[in-house]
2 protein chains.
Amino acid sequence: MRTHKCGELNTKHLGEEVSLCGWVHRRRDHGGVIFIDLRDRTGLTQVVFDPDSPDTFAIAESVRSEYVLRVEGVVRPRPEGTINKNMETGEIEVLVKQVEVLNESETPPFPLESEIDVNEETRLRYRYIDLRRADMQKKMRVRRDVTRHLRHFLDEHEFYEIETPYLTKATPEGARDYIVPSRTHENAFFALPQSPQLYKQLLMISGMDRYYQVVRCFRDEDLRADRQPEFTQLDIETSFMNEDQIMELMEEMIRGLFAEILDVKLDDKFPVMTYQEAMNRYGSDRPDLRIPLELVDIADEMMEVDFKVFSGPAKDPNGRVVAMRVPNGSEMSRKEIDDLTKYVSIYGAKGLAYIKVNDRDAGVEGLQSPIVKFAPDEVWEKVLTKTGAQTGDLIFFGADKTHVVNESMGALRVKLGIDRNLLEGKWKPLWVVDFPMFEWDDKSQRWNAIHHPFTAPSCTIEELEANPGAALSRAYDLVLNGLEVGGGSIRINRTTMQHKVFRILGIDEQEAREKFGFLLDALKYGCPPHGGVAFGLDRLVMLMTGATSIRDVIAFPKTQTAACPLIDAPAMVNDAQLRELGIRLRKKAVKEEPKNS
Amino acid sequence: MRTHKCGELNTKHLGEEVSLCGWVHRRRDHGGVIFIDLRDRTGLTQVVFDPDSPDTFAIAESVRSEYVLRVEGVVRPRPEGTINKNMETGEIEVLVKQVEVLNESETPPFPLESEIDVNEETRLRYRYIDLRRADMQKKMRVRRDVTRHLRHFLDEHEFYEIETPYLTKATPEGARDYIVPSRTHENAFFALPQSPQLYKQLLMISGMDRYYQVVRCFRDEDLRADRQPEFTQLDIETSFMNEDQIMELMEEMIRGLFAEILDVKLDDKFPVMTYQEAMNRYGSDRPDLRIPLELVDIADEMMEVDFKVFSGPAKDPNGRVVAMRVPNGSEMSRKEIDDLTKYVSIYGAKGLAYIKVNDRDAGVEGLQSPIVKFAPDEVWEKVLTKTGAQTGDLIFFGADKTHVVNESMGALRVKLGIDRNLLEGKWKPLWVVDFPMFEWDDKSQRWNAIHHPFTAPSCTIEELEANPGAALSRAYDLVLNGLEVGGGSIRINRTTMQHKVFRILGIDEQEAREKFGFLLDALKYGCPPHGGVAFGLDRLVMLMTGATSIRDVIAFPKTQTAACPLIDAPAMVNDAQLRELGIRLRKKAVKEEPKNS
């Protein structure tokens, strides 16, 4: 149907007879001549209809935006003064000899110019129009390029792509499962996988050695801005490699990806930081290292002051007191500081103390703050020194239970970094390691797994048992610009250790058997040392395309209420189908047919 | 952990210090020395433990089958007479200096030798052992190679891999949908896709031009030997190509695939046959062309004979009378023919008439059959000529409604071809084209779509309306050795035609709107001419690996009752979860808690 694509013609094609297919992007009548920018996936070509050919001209007069055309014509140079250097094809045009309208179009519900903002609900309802926009075309292309690159790398490194089931059993990732009623097994349900975690471990036990999969995962979560009910994971597992080797290989993959797709050179060696250090310095286990702000512990200094807001948490073993210096922050207005106080309250902070350093050389005299009076001068001097404060800076303080300080001051740090334009560098990758195995849940009075219950500890089984709270895991997360883009661990490969971890998590023998009996069995038959990692592909592509939501890098995403306005899903199903599946609706059954349904 | 894989050592490595990781495949004690075949994904290496190193020797004495070891040692030539030419590594062995038991193993539930037959339920329950068998390892590797090759080809041809949703709405492929209750939308359900058909059409309308996806599809069917609740499709769609161009490109892909993976040269140009010719000659729209048997129509000859079994169907416009010559078939015993009669009765045939051609030169005198007496000599002479019968042949006859004749004689043809070892050639691809658009369903008294309702007809809208039964579609199926491995069509790209087809199928305006409103809308906004194809990846890999079931080329398949004995899915879920989803169990609600559940 076509000899060329709309984006590939240039002066090399001058004089050639070509045919193109595409959409009418723009039509202009100028000096009795009709110019149409014909568009396909590759770009635009200007095609020209001359009134000397009355048949084609009449057709050109009738076409409107988004009509689909096939044109035949000759490539010729654009006249002097009409050359468009911003267009790949801007030096040529095609003089049309034949035109065929392949299809007509009604006026699109919104204009295709990417810079015109359209309500997201409308974009999703007419996704097939939205996806025609240059910006969305580019995002889909980058997504394809990223996926190709990752596959290629893993293929080259002898990872086998192996498909695992989607109709499976509830997995322990912690979110709600989507379930699927079974017609052939009474009262039984499949679950859609939250990840192929256990299958990939089984593949290692199967001797598959190196596995990967670009795989859909499902979580029935309350949707936040950046979540989707189904999302795509690059899932990787390997035998006979330790965490350093896995991290090194994954770094190589990600470095190559950024070099090839974005022409960006990431660090030769990604920095590695322990969980503890990340929490101490940034209040977060996924710190955005582009932001030069840090939390500085001042509990020692505040222990004895006569200001309970500080001394209380300073003395509390579960409390924390920190200072965070904001360079040139003393210019902040009362209103700005009030807004930030409101902001940290979202994270449970009861207030936001601050000190403006108006003159560093004037000692405490140079400080401006309602709290200066609550502590002796030498304490403030120590705080100023510890934080490295300079004239013109502002210091924020956090004092509360450790998790409140970390969450509120960590969030404040990010907000200040972005709002005040403090970002240094464009791409800051970081490995976070040495996570605790467990965290104590006060509510349920038991240990929870920080990663998942198959993560190997770095200690012996005896040490684990003696002090679960002190045990570290062999897990590693890859953080990029403050987002966790990947995470993984070395897995438990011995039955005894797996049993022990289940027991610490309060999973008794019977429950372990019921839920994970197959894994416990499999571990008995020669399970190799193995570990792996999973990358959130949507999030990675979002970062790489500069998109603000993963919805923008998914062809057909769901809304924040987990619905698809395009095809109108989810939808009702008929009673006969429900009957065949052995289920009924709770609401309807009660209201409409209490007896005989 | 290792310097090499177990399958890659050879005489080039003599004298090198190497380390290997793998499973104990076999242990032999011979002359005071212990030999272990160490196995990984790549193969086996013989590692040798000498009693001169008492520490390693003691460990070697303790290991058993399927233990996981790490060994360090030196590559040396095997002694004269112990070289194994059948093994890649058969000229060398590794003298072990260090050994570490990475994990132990209980005795596996069945031996790993591929040639030992194991009950399939047991294989599936211990799939992680089954997948260690050389045969399964190879199948998984071929599957990976096939997928890689196909992806590579499509990437090279500028097809973009784009992911489509798994949580979607009921699609019209005809099988039962798996449904997924929604927690956030009352009484609403997602459906798992039977194929991404409408999404790929929407992608064409989005201007994506060329799309593909290796994608899971779901059908809640009554499982036959060769079906799975979830299966994998290579799904392809393109704009601006007609059926010949699509078929040519797909041929090129499949030819390249067989050349690269199997070193097999398929036909330079796959034969193309109309649906009508396939049904006439083979009684099937997916004929196995390796079988040289053909159906020959003899209705004209039988129209006037005094034998109602033949003359009835011969005169019936919905009837058919055929003869099928079986070369050298006259040797068949009464018993064999009785068995075949029973076989065709499965397909509704009321009997199986035959004639043995004992002496072709003796005219009717040379024929042996209970039915010879029912027709005049000149009729039989015509039948013998038409079928090309020779001395020693046997001719089977089918006479009934056309669909009964086609199904029974088509099945008989395949059975005879395989049982009597008549196959000619190893690989016989075939395109079947010119399918009817619709078939009349007597029961529901309406037209059904032979493909799906989005398939374009090759006639005008007026012709379609005037005579739906005569309309042909622009569909094409790729048949290989009697299996449909792929199928596709040019799609309808105009609203008027799509409406018309819905109407002929008895889908009224309202139903069309409800189910396919989004497609009807999308067709209005400049839908390009487009078409595509989908290949059954499991089936293709099954054919290419010589497997007898698709279960053997799927890592974790379901049984024929749609269950997974390994992880024990599907399984019960708790009441709280069902409550949250707004559903309840039908059985339980009635039996156990009729009021307050």
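Proteins come first, then strands; the chains are lettered A, B, ... in the order of their sequence lines, and each starts at number 1. What you see is a predicted model; the values in this text were computed from it and never measured.
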Residues A:K524 and A:D521 bridged, charged N to O under 4.0 Å: yes
Okay, B:T184 and chain A: the region with an atom under 4.5 Å from a heavy atom over there is side chain
Side chain to side chain donor-acceptor pair (under 3.5 Å), that's the test. Do A:S105 and A:R64 meet it? Break it down for me. CA-CA 7 Å; A:S105 174; A:R64 299 165 57 195; over 6 Å; no
Identify which part of B:F231 has an atom lying under 4.5 Å from any heavy atom of chain A, answering side chain, backbone, both or neither. neither
Check whether B:D568 gets within reach of chain A through its side chain, its backbone, both or neither, counting any heavy atom under 4.5 Å. both
Could you tell me which of B:M204, B:E158, B:R133, B:K5 has the largest number of non-hydrogen atom pairs under 4.5 Å with chain A? B:E158
Would you say B:E163 and A:T232 are linked by a side-chain donor-acceptor pair, where the criterion is simply a distance under 3.5 Å? yes
More than 12 non-hydrogen atoms from neighbouring residues, nucleotides or ligands closer than 6.0 Å to NE2 on A:H152, yes or no? no
Measuring heavy-atom distances to chain B, does A:T42 have an atom under 4.5 Å in its side chain, in its backbone, in both, or in neither? neither
Compare every heavy atom of A:L102 with every heavy atom of B:N493, then report the nearest pair and how far apart it is. ND2-O, 4.0 Å
Interchain contact, B:F218 with chain A, by part (heavy-atom threshold 4.5 Å): side chain
Counting heavy-atom pairs under 4.5 angstrom with chain A, the leader among B:Q577, B:M241, B:H185, B:Q228 is B:H185
If you count heavy-atom pairs under 4.5 Å with chain B, which of A:I583, A:V68, A:D40 comes out on top? A:I583
Taking the six-membered ring for Trp, is the centroid-to-centroid distance between B:F556 and A:Y199 below 6.0 Å? yes
Under a 4.5 Å cutoff for heavy-atom pairs, which residue among B:E66, B:M140, B:K558 has the most contacts with chain A? B:K558
B:D222 versus chain A, heavy atoms under 4.5 Å apart: side chain, backbone, both or neither? both
Considering only heavy atoms and a distance below 4.5 Å, find which of B:T561, B:I179, B:L566 pairs most often with chain A. B:I179
If I compare all heavy atoms of B:L112 with all of B:R39, which pair ends up nearest, and what's the gap? CD2-NH1, 3.3 Å
So what's closer than 4.5 Å to chain A heavy atoms on B:Y67: side chain, backbone, both or neither? neither
Quick one: what part of A:L537 sits under 4.5 Å from any heavy atom of chain B, side chain, backbone, both or neither? side chain
Between A:M136, A:M1, A:R144, A:M208, which residue shows the highest count of heavy-atom pairs closer than 4.5 Å to chain B? A:R144
Heavy-atom distances under 4.5 Å only: say whether B:T495 touches chain A with side chain, backbone, both or neither. neither
Max heavy-atom pair count under 4.5 Å with chain A, selected residue of B:A571, B:P108, B:C527, B:A563: B:A571
Residue selection (most heavy-atom pairs with chain B, distance under 4.5 Å) from A:Y178, A:W23, A:Y166: A:Y166
Using non-hydrogen atoms and a 4.5 Å limit, figure out which bit of A:R141 sits close to chain B: side chain, backbone, both or neither. both
Contacting moiety of A:I567, where chain B heavy atoms sit under 4.5 Å: both
Heavy-atom cut-off 4.5 Å, strictly under: side chain, backbone, both or neither for A:V24 against chain B? neither
Between atom NZ of A:K200 and atom CG of A:L202, what is the distance when rounded to the nearest 0.5 Å? 12.0 Å
Part of B:K515 lying under 4.5 Å from any heavy atom of chain A: neither
Select one option (side chain, backbone, both, neither) describing which atoms of A:L578 are under 4.5 Å from chain B's heavy atoms. both
Report which part of B:S65 has an atom under 4.5 Å of a heavy atom belonging to chain A: side chain, backbone, both, or neither. neither
Shortest non-hydrogen contact from B:F240 toward A:G22: CZ-N, 4.1 Å
Which atom names give the shortest non-hydrogen contact between A:I554 and A:R143, and what distance separates them? CG1-NH1, 3.8 Å
Honestly, the part of B:R210 sitting under 4.5 Å from a heavy atom of chain A is both
Tell me if the aromatic rings of A:Y211 and A:F159 count as close, with their centers under 6.0 Å from one another. no
Report yes or no: do B:E161 and A:T147 form a side-chain donor-acceptor pair below 3.5 Å? no
At a heavy-atom separation under 4.5 Å, does B:E580 approach chain A through its side chain, its backbone, both, or neither? side chain
What part of B:P181 gets within 4.5 angstrom of chain A, counting heavy atoms only: side chain, backbone, both, or neither? both
Less than 3.5 Å apart, any donor N or O on the side chain of B:R127 or A:S206 sitting next to an acceptor on the other? no
Counting only heavy atoms from other residues, nucleotides and ligands, does the tally under 6.0 Å from CE of B:M572 exceed 12? no
Which atom of B:T164 lies closest to which atom of A:R216, heavy atoms considered: O-NH1, 2.8 Å
The interface call for A:R148 against chain B, heavy-atom contacts under 4.5 Å, is side chain
Just give me the residue among B:Q137, B:Q245, B:R70 that pairs up with chain A most often, heavy atom to heavy atom, under 4.5 Å. B:Q137
Quick check on B:I129 against chain A: is it the side chain, the backbone, both or neither that has a heavy atom closer than 4.5 Å? side chain
From the list A:F518, A:F190, A:Y525, the residue making the most non-hydrogen contacts under 4.5 Å with chain B is A:Y525
With the threshold set at 4.0 Å, does a side-chain nitrogen-carboxylate oxygen contact exist between B:E221 and A:R183? no
Side chain, backbone, both or neither: which part of B:R125 has a heavy atom under 4.5 Å from chain A? neither
What residue, out of A:D130, A:V214, A:D220, A:D145, has the most heavy-atom pairs lying under 4.5 Å from chain B? A:D220
Where on A:E104 is there a heavy atom nearer than 4.5 Å to chain B: the side chain, the backbone, both, or neither? backbone
Rounded to the nearest 0.5 Å, what separates atom CD1 in A:I162 from atom CG in B:L131? 8.0 Å
Establish, from distance only, whether the side-chain atoms of B:D155 and B:Y212 form a donor-acceptor pair under 3.5 Å. yes
Where B:C21 and B:C6 come nearest, the two heavy atoms and their spacing: O-SG, 3.6 Å
So, the part of A:P529 with a heavy atom under 4.5 Å from chain B: the answer is side chain
